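Notes for the one structure printed next.
The shown structure was predicted, so the numbers you read here are calculated from the model rather than taken from an experiment.
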Amino acid sequence: MTAKKKGSLAAASALAELPSLPMDAPSLRTAFRHYFAYNLGRDKYCRSVYYLYLALALTVRDRLIERWKNTRYTHLESKCKHSYYLSLEFLMGRTLGNAMLNLGMTDAASIALHELGVILEELSDAEHDAGLGNGGLGRLAACFLDSCATLQLPVMGYGIRYEYGMFRQRIDDGKQVEEPDHWLREGNPWEVARPEYTQRVCYGGRSEFYQTCDGRTAVRWVDTKDVLAVPYDVPIPGYRNGTVNTLRLWKAAATDEFDLGEFNAGSYPESVAAKNAAENITMVLYPNDASENGKELRLRQQYFLASASLQDVLARWKALHKNGFNDFASMNCFQLNDTHPSCAVPELMRLLMDEHGLGWDQAWEITSETMAYTNHTLLPEALEKWPVHLFRQLLPRILDIIFEINARYLREVAHRWPGDHERLRRMSIIEEGETPQVRMAYLAVAASFSVNGVAELHSRLLTEGLFRDFYELWPKKFNNKTNGATPRRWLALCNPRLSSLITDTIGDKWIADLSEVLRLSDHAGDAALRERWHSVKRQNKERLAALVKSECGITLSPDALFDVQVKRIHEYKRQLLNVLHIIHLYDRIKRGDTADWTNRCVLIGGKAAPGYFMAKLIIKLINNVAKVINEDDEIGDLLKVVFFPNYRVSALEVICPGTDLSEQISTAGKEASGTSNMKFMMNGALTIGTLDGANIEILEEVGEENFFRFGLDSAQVENLRKHYDPSGTINGDPDLARVIQLLKSSYFNMFEPGIFDPLINSITSPRDPWVTVADFRSYVDTQQLVSQSYRDKDRWSQMSILNTAHSGKFSTDRTIAEYNNEIWKLKPVQPHPIA
Ligand code: MIF
């Protein structure tokens, strides 16, 4: 492919060709024993299952690697177009089970281990979650990679190899305590370091103009402080199709010369400190979901990812295309996962102009034809803005380019709306003010050929609100791509019992084509299926109850309705509304109002950003309410409340199969999409939800009669704000009044006076942005309907089957097919079969 190799290297081509590795149980057993004894050097004194897990992981990894190599070869040979998914977050969770499922080796591995007296599930449970993301946005990126590989699309993920992922959450006296998650401490078998593809990323310094030898004026970025970006590749297998794509994660490392200067000057400690500063860039994931905290280190991370990834793509392009960048735009596409990687816009301009000698116009043509931007939220606090002075100090050359992009684009605006200065001010990439700011979303929109939202409602609200001016200017750029979840992890892997039942009923095509599950609806009237469906749910609830028992010490009865809200803790998601309902149920029991009662276990889980005071207080309130209720002898099994600590991907894999009711209760217009709503639906949970995000599309698919809808819609919420009167609502609703009275009376914080006042004040204020109490009555009435419905087990099972049956739309295979057909336009590539 590239230059002819000499000497030993010439042998590499032959060295890499080996007979394919067998996947039958005896071969897997032999490999497993070999890794355990020789590679890991463990013996009969081994005291940790972790090494058994590692031995199996290495066995699986070999089989991934051979398909990985073939995929890479085929991509190179076919000279296909590529897309790159740039994301600061990839919330991968565990890999072992998923890799075995996609390679089709789970049964053989299970048999091989069984013969050795080893239990596969125990090994799977020993794996640390790769928590390189906060929540939905990061997990979506992980699901997308699975679907890209399954659809055999040449898509590569680019991200950051954080040394510390999402913090571990411990609950101490009802309060969240954050602990560092050093997930790499025991090594990571799922990565391959590739230091030979290291890139250099520049910071600081200044721009310098100079004359090139052919007489052009050009710019170079000088006096920079550089950091190395070392790639670690993670294999991403498709579902039983021979494809293994790549996720490339960058780790920061200090440059050698950087240390040397300092060493020679005799300042050893300073030199080591400088080295640390470089390596700090990829040390920790910022634990904020849908909110920004404006730290310089975060901007460094963002630029680091953008620069290293683009240099990597350009280097590969140059090696293969001797005749320059003419075809670059038709062969490459960058999908920006939110504005986090949007430094890629000016960085691609810089690389093309300063490093590869292109003029502005050609560089702009390439940039604006290759960048595509996905917006994931309308919340103002999540919209990234960086102070101009920070850019000037950290990335001066990048700031020059942003200014120039802005000037040229504002000329286009001025031409379209002559004399409309207000509009120019509104649309400028630079927000004027005491501290001028770079509006990253506007930069991304101005430079991208495609801008999408993540659910129908969200995409419409984008064009009506945040991006209204841009939509008027460039209507064709805007489109919707409703989110999804991969049915491999979120049904086949996490719910083996339901998967077998589905496969028994309609065959197994649904795993690679979720639209097939619709065929279940023909069987929803079959009493025998409903009975089996119910029994599967019951077993999954027992599994969840066992997890809750071991994690929290609380006993849940699987006969009760399992009512679950797991997601990041945020005011807009309204965990508080859930708490108001819990207190209302408690109050009913205390008043003896329990005729036709349905026993309920309410489980709430999620992490709060460490600096988000109100979210942390919500966690404390949930825990206090749970304690009072669970310790009250009058309550017994009528009502149980659990705060599930350290909610993460692997926890959802147990929680979602065991859930009856999925709580999706955000203030309408605020949750861009939601994705756990889809995972719960696939697993046969019913949803209680507002008309928000993808709930609307879930409701459309499954029908009103199989969905518990409540509350104001987004237009009603906006109207209500003008005359919102929570006190009136509270006084007019005796149930709500009693709930608020209980809260105010310190019933749940007897020995912690006043601690919940900020929460009480916020929901009783006419300025409550989330209009929580406005939806109370509708929520409580709908919950009453849920309770009634649950008592008809057979009907509930039918609704549950219909939810799974109508979840086909919410596969990321569908989402990715739309990204591909409408944005990326890649052709699937079938790799050569392994030797
Ligand atoms: C949105 O809040 C969520 O609604 C969406 C967000 O489903 C998800 C994926 O598109 O992205 N910072 C964010 S945006 N975290 C999320 O989960």
Under 4.0 Å between a side-chain nitrogen and a carboxylate oxygen: does that hold for Lys607 and Asp289? no

Lys295 NZ/CZ over Tyr286 ring centroid, <6.0 Å and within 45° of normal: no

Ring-face cation contact, Tyr232 with Arg161, 6.0 Å cut, 45° max: yes

Salt bridge Glu17-Lys69, side-chain N to carboxylate O under 4.0 Å: yes

Geometric cation-pi criterion, Arg72 with Trp68: 6.0 Å, 45°: yes

Given the side-chain rings of Trp317 and Phe328, with only the six-membered ring counted for Trp, is the space between their centroids under 6.0 Å? yes

Tyr38 vs His34 aromatic rings, parallel, tilted or perpendicular, using cut-offs 30° and 60°? tilted

Please give me the minimum heavy-atom distance between Gly165 and Trp183, naming the atom from each residue. N-CD1, 3.9 Å

Any cation-pi pair here, Arg248 with Tyr158, using under 6.0 Å and within 45°? no

Here the pair of heavy atoms bringing Ala108 nearest to Asp24 is CB-C, 4.3 Å

Qualifying residue for side chain to side chain contact (heavy atoms under 4.5 Å, CB included) with Phe36, from Asp43, Leu58, Leu52, Leu56: Leu52

Identify, with sequence neighbours excluded, every residue that meets salt bridge (charged side-chain N to carboxylate O under 4.0 Å, His left out) alongside Glu355. Arg350

Salt bridge present between Lys481 and Glu818 (N-O < 4.0 angstrom): no

Over 60° means perpendicular and under 30° means parallel, so classify the ring planes of His128 and Tyr50, tilted if in between. tilted

Determine whether the aromatic ring centres of Phe144 and Tyr819 lie less than 6.0 Å apart. yes

